[in-house]
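All remarks here apply to the structure that follows.
Here is how names work: the chains are called A, B, and so on, in the same order as the sequence lines, proteins then strands, and each is numbered from 1.
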Number of protein chains: 2
Amino acid sequence: MKKPAPNLAPRKPDYEKALRKAGIRVTRPRKVILNILRETEDHPDALEIFRRAEQVDKSISLSTVYRTMKLLEEMGAIHRHAFEGGPSRFEQAGGDHHDHLIDIETGDVIEFRSDRIEQLQQEIARQLGYDIVHHRLELYGRRRRAE
Amino acid sequence: MKKPAPNLAPRKPDYEKALRKAGIRVTRPRKVILNILRETEDHPDALEIFRRAEQVDKSISLSTVYRTMKLLEEMGAIHRHAFEGGPSRFEQAGGDHHDHLIDIETGDVIEFRSDRIEQLQQEIARQLGYDIVHHRLELYGRRRRAE
DNA sequence: AATGCAATTGCAAATCGTTTGCAACTAAGA
DNA sequence: TCTTAGTTGCAAACGATTTGCAATTGCATT
């Protein structure tokens, strides 16, 4: 009998295990959605996740996608981003914190990180007498034309 | 005959004049809404503006509030903020740029400004090959308990 | 001040993204 | 396999916002 190779994949935490441990059922739709999230590099919205899920399991419903996104968000397994205008878009959690630059022409999302900005935010909040619970920094821009 | 005192009021631009100049009618509902916006210090949402408008002119409708907010936004007379969760909230334009700290317990909005952060954002965008069209920086926090 | 008409209104219905009630289904422990 | 609470798909409900439409109203013209 062949022994399964140890899972060495980076940035692909085993949420199924976490779900079971939390007493939450690992159902067929959830597996499908989890797989999609695990493999995606971009920031799809619920409808896009639904479309991708359909290709794997025709019977999945959009409401289940929404319910699962909410569940995973509450578990901390994913992050929800409400970029300007459009619907919420999701991203698997687990990587380190970053902010987003949104290409206003294509909708593409570029992740970036600035410790300096994070630090300044802390200072500002402290001066105003607040503790930051979370924050949102989004840059909306267009690609500079290489002339 | 008494000469009217010159209007020295700060941060209270005359949008009615601007509207007329742009060939946009200065109607009763618009006047009412403009006055509310001109006087408010906070960041009310459409419904709140509607409620305040009702007290002046019982016949105003919520859709007109929405239509007017959109119009004013397009004119650059107000800014729309879609803070987490709730509906859009508005603020008269004209002051200088600032970002927001939202009290997650009360919904209060505190304005702040950091040239350093603005500058860092520019640098980041430039390095990524983008020009920033606009950005959104929101800190969500709770007041530090003075123990 | 009266006229003419496009801009604007209030209303109700429509829209969009998302959530929810409910009866049928199913994961997973006994 | 049995049991049952957790989940599902569906359709209807939802909250914020937008829209079609007929009635109204600024305001440029007489």
Just one of A:R136, A:E138, A:E91, A:E111 clears the side chain to side chain donor-acceptor pair (under 3.5 Å) bar with A:H100, so which one?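 Answer after filtering A:R136, A:E138, A:E91, A:E111: A:E91.
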Any side-chain heavy atom of B:D99 within less than 4.5 Å of one from B:E118?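 They are in contact (side-chain heavy atoms under 4.5 Å apart), so the answer is yes.
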A side-chain contact here means heavy atoms from C-beta on lying under 4.5 Å apart; do B:R67 and B:L71 qualify?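 No; the side chains remain at least 4.5 Å from each other.
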Check: A:R67 side chain, C:dG21 base, donor-acceptor under 3.5 Å: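 Checked by distance alone, the answer is yes.
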Please confirm whether any donor atom in the side chain of A:R25 sits under 3.5 Å from an acceptor in the base of C:dG29, or the reverse.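 Side chain to base: no pair present.
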Tell me what B:I24 touches on the nucleic acid: a base, only sugar-phosphate, or nothing, going by heavy atoms under 4.0 Å.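 Since only primed, P, OP1 and OP2 atoms lie under 4.0 Å of B:I24, the category is sugar-phosphate.
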Assign A:T27 to base, sugar-phosphate, or nothing according to its heavy-atom contacts below 4.0 angstrom with the strands shown.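 Sugar-phosphate only.
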If you check every side-chain atom of [X], which of [options] has the closest atom?
X     : options                : result
A:S61 : C:dG10, C:dA28, D:dC10 : D:dC10
A:R30 : C:dT9, C:dA28, D:dT8   : D:dT8
B:R80 : D:dC27, D:dT17, C:dT9  : D:dT17
B:R20 : C:dC11, D:dC27, D:dT8  : D:dC27
B:I60 : D:dC27, C:dT20, C:dG10 : C:dG10

Counting only side-chain nitrogens and oxygens, does [X] get under 4.0 Å of the OP1 or OP2 atom of [N]?
X     : N      : value
A:Y66 : C:dT19 : no
A:K70 : C:dT19 : yes
A:S88 : C:dT18 : yes
A:R28 : C:dC25 : no

Got a salt bridge between A:E74 and A:K70, using NZ or NE/NH1/NH2 to carboxylate O under 4.0 Å?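 No, A:E74 and A:K70 are not salt-bridged.
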So does B:R143 have more than 12 non-hydrogen atoms from other groups sitting under 6.0 Å from CZ?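 Atom CZ in B:R143 is not packed in, count stays at 12 or less.
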Does a sphere of radius 6.0 Å around CZ in A:R113 hold more than 12 heavy atoms from other residues, nucleotides or ligands, not counting ones at 6.0 Å or beyond?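 Atom CZ in A:R113 is crowded, with more than 12 foreign heavy atoms closer than 6.0 Å.
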Expressed in angstrom and rounded to an integer, what is the separation of [X] atom [atom1] from [N] atom [atom2]?
X     : N      : atom1 : atom2 : answer
A:D45 : C:dT18 : CG    : P     : 7 Å
B:F50 : D:dG15 : CZ    : P     : 16 Å
A:K21 : D:dG6  : NZ    : P     : 20 Å
A:K31 : C:dA27 : NZ    : P     : 8 Å
A:M69 : D:dT7  : CE    : C1'   : 17 Å
A:F90 : C:dT18 : CZ    : P     : 6 Å
B:I49 : D:dA16 : CD1   : P     : 14 Å
B:L34 : C:dT8  : CG    : P     : 13 Å

A:D57 or B:P87, whichever maps to the more 5' nucleotide of DNA chain D: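 It is A:D57, whose closest nucleotide lies nearer the 5' terminus.
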Test your reading of the model: is there a side-chain donor-acceptor pair from A:Y140 to the backbone of A:E84, 3.5 Å cut-off?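 Yes; judged by distance alone, with no hydrogens or angles, the pair exists.
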Test item: A:R89 side-chain N/O and A:H43 main-chain N/O as donor-acceptor pair under 3.5 Å: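 Yes; judged by distance alone, with no hydrogens or angles, the pair exists.
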Can you name the atoms? Protein N/O to nucleotides 28-30 of chain D N/O, anything below 3.5 Å, with the distance.
none

